Amino acid sequence: MDTRSLWALKRRWLKSHASGRLRCNARRGKSSASITRRPSGLERSRVLQALVAQRTRQLTEVNERLKSSVIRCQRLDGRLRESEELFRSIFEHAAAGMNTITLDGRYLQANPAFCAFIGYSSEELRHLTLFDLTHPEDLPATRQRLNGIRAGCYEAYDYEKRFIRKDGRPVWGHVTSAWMFDEHRQPLYGIGLVQDISDRKEAEAGLKRALASARDAQAKITCILESVADGLIVTDVHRRIVLMNPSAESLLQISPEQVLNRSVADPSIASLLPAPLVEFLNCGEEGALFEFELHTGTSKTPQALQARRSVIQDQSQCHGGMITTLRDVSREREIDAMKTEFITTAAHELRTPLTSIQGYSEVLLTRSDLENAQHRSMLAIIHEQSESLGRIVNDLLDLARIEAGNGFVLQKSPCDLSQLIQETMGQLSWMSQNHQFEISVQPESVTVLGDRAKLRQVLENIFSNAIKYSPKGGTVRVAATDRADHVLVSIADQGIGMSKDQLRRIFDKFYRADTSNSAIEGVGLGMNIVQEIIRAHGGEIRVESCLGQGAIVYFTLPTEPLTAE
Amino acid sequence: MKKILIVDDQEIIRQLLEISLRSNDRQVFLAESGERAVQLAMEHRFDLIIIDLMMPGGMDGFETIEYLQQNSAYKLCPFMILTAKDQQPERDRARDLGVLDYLVKPFKLDDLFATVDNLLGTG
C-alpha cells in the first residue's frame, strides 16, 4: 500500500464520518425543532461554534492518528526493503549454492555458488528443470520429496543426492529446502540450499574402499593361514595360544576352542597337547627346531612332527609373540628308513652274484679234477653273475643321476623292438627253468627310435620281475602292437600279483613290493628307473594287478615315422 | 657216510655247495625251499643242515630250523646258516636258536670247509 492510496483512504473515511454525524445532528435538530421552539439567531450561532470546535478537535485527532500510521508504514516499508536487500546479498554472496524452484522443478533463481556447483549459468538454468540435473538413480528420491510438499506432508526437507554437472560429471549435494505457501496453503516456491559434499562423499567412499580392502586383505591372510599345509600355532607375549590353523588342528587332532586363549603354562593344557610340544611352546627359543612323535588313534605307526619357532615382530620391531610351525615329516622319515633299508638291500644284492663269482672261480682255481664241460658251465655262471652285478651297479648309477636331477642322456638310434625282446628274453631264461615264454609282436618288426641299452634295461627289469614274482612258474606273455604313432608293449605273468597298496607304490624309489620276502632279488629301484627311462623316451607306463592273479605291465614308446629321418 | 642237506633257493649256489662239499665219505642233498627241506629231513637223517635264511614263498630259514628242531631227530642236529644277511638281529635270532655257525655270503671255500669239518667232527 503506497502513500497515495493511503491518502485516498483517509479522504473516503473522513467524508463518510463527517456527513454521517452531520446528518444525525440535522435530524435531531429538525425533530427537536418540531417539538421545541425555534432557537434564536444568537443561540444558533453558539451551537454552530461549538459544533465547529468539536469537529475541529475530532479532525485533529484523526489527522494525528493518520500521521502516526503513515510514519509506521514508512518504517515498515524501509525494514522490508532492508530485509529484501539482506536476502539478496546473502543469496548472491553465499558460499553454498542457493536456488528457488517451483513444484514442477523449474528454477526461478540460482545464485553464483549454485551455478559454479552445477556448471550451468543462471540463464541456462531457466530452461532446465531439477529433474534434468538429477542423477538418474536419485530421481525417485527427488520426486518423493516434491510429492511430500505437494501433499502437504511437510514444509521443508533435507537429503543427499547426486546432480549431473554440465560437463557430465556427477556431484554430490546436501539439499535443504524450505517451501513458501499462499493463503490457501498452496506451495508457491521452495528456497533450496545446496552444499557441495562431493569431497565428503569421496572421502566416505575412500574409507569404504579402504575398509573393504582391509577386509579383503584380512580374508586373504585368513585364507592363507587356513590353507597352508603346515600347522601354525601362534602364542602372544603372555604365551597364550591366540591362533591355530586347521592344519594344526588336524595334525594334533584337537579343536581350537579347547586351547584358544589359554596359556601354554596352564597345567590343564598338558592333557590336550602332546607333552613334548607343550614344553617346546613354553621354552623353545627362536629358530629352534624340534622333532617329536605323535601317536594318533587312527594309525599304528606314530606320526613324526617337526616344530620350528620364530618370533613375531610387529611394525615397531617389538616382540609380538611366537609362531610355531608344525610339519608332518612322517613321509621323510619313511623315506629315510627306506634309504637305510635300501643300502642294506643293495649290499645284499651285490653279495648274491659275488658269492657265485667268487665261489665258482675259487673252485675253478683250486680243483684239478673238473671236466671240460664243468669248466665251461662254471665260467658261464661267472659271466652271467658278473652281468647281473653290472645291472645292479647301473641301477645305482642311474639312481645317483636321477637323485641329482640330471635324468637320462639318451643315445637314440632306430631299434628293432621284437629283436630286442627276443634277445633279452633269451638272456634271462637262465633265471628259471619252470617258466614258459610267449612272445607275439605285430607286425613282425617294430622299429622305435630309442636308447638300445636303456630299453634293454627296461625289458630286463620287467622280465626279471615277472619271473621273480611268479616263483611257482607259469607263462610269461610278451606282446608288442604297433598303433599308428606308438607301440604298446605288455608283459603279463601268472605270479603272486600285488595288493592295491603295493600297486600304488610300485614306482616309488627304494620300494620293494614284499620286504618280508627279501629273497626276491632287487634293490627296489627297478620300476622307478624303468618309469624314468620310459618317460625320457616320451612313453608311458602302468601296471595292472590283483593279489594272487599275476601282473600285467603296459608301456608305450613313440614310433618314429621313417620319413622323419 | 655223512649226509649233508643244503637248503638254498638259488640253484647256482646249491650247485656250488654240492661241487665243493661232495666227497667219497659225504653225501650231499639239495632242497630249494624250506618245505622241500622238511620233506627230505623226514626221509633221511642228516648229520648237518646248511641253510639260507631268505627264501621266497613259504618258510624262510629260521622257520625251517624252528620246525625241524621240534622234531626229536633234529633237536641236536648241527645247523649252519649261510646267508647274505649280515645284520645283528639275524645273528641274535640264530644264537637264540642255538645256531652258532653263521657264514656270510660271499664266503671263502676254506671257511666253509673248516666249519663243515668242525661240525661233522671230521676235521
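Worth saying up front: this structure is predicted, and the values here are computed from it rather than measured. Chain identifiers are assigned alphabetically (A, B, ...) following the order of the sequence lines, protein sequences preceding nucleic acid strands; residue numbering begins at 1 within each chain. Excluded from the calculations below are hydrogen atoms, water molecules and symmetry mates; all remaining heavy atoms, backbone and side chain alike, are included.
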State, to 0.1 Å, how close L16(B) and T355(A) come at their nearest heavy-atom pair, and which atoms those are.
CD2-O, 4.0 Å

Using heavy-atom distances under 4.5 Å, tell me whether Q87(B) contacts chain A through its side chain, its backbone, both, or neither.
side chain

Given a strict heavy-atom distance threshold of 4.5 Å, which part of D86(B) is in contact with chain A: side chain, backbone, both, or neither?
both

Which label fits Y74(B) and F46(B): parallel for a plane angle under 30°, tilted from 30 to 60°, or perpendicular past 60°?
tilted

Please look at E362(A) and chain B and tell me whether the side chain, the backbone, both or neither of the residue comes under 4.5 angstrom of a heavy atom of that chain.
both

Report which part of L354(A) has an atom under 4.5 Å of a heavy atom belonging to chain B: side chain, backbone, both, or neither.
both

Does a donor on one side chain sit under 3.5 Å from an acceptor on the other, for S470(A) and H435(A)?
yes

Check whether Q385(A) reaches the backbone of I382(A) with its side chain - one donor and one acceptor, N or O, closer than 3.5 Å.
no

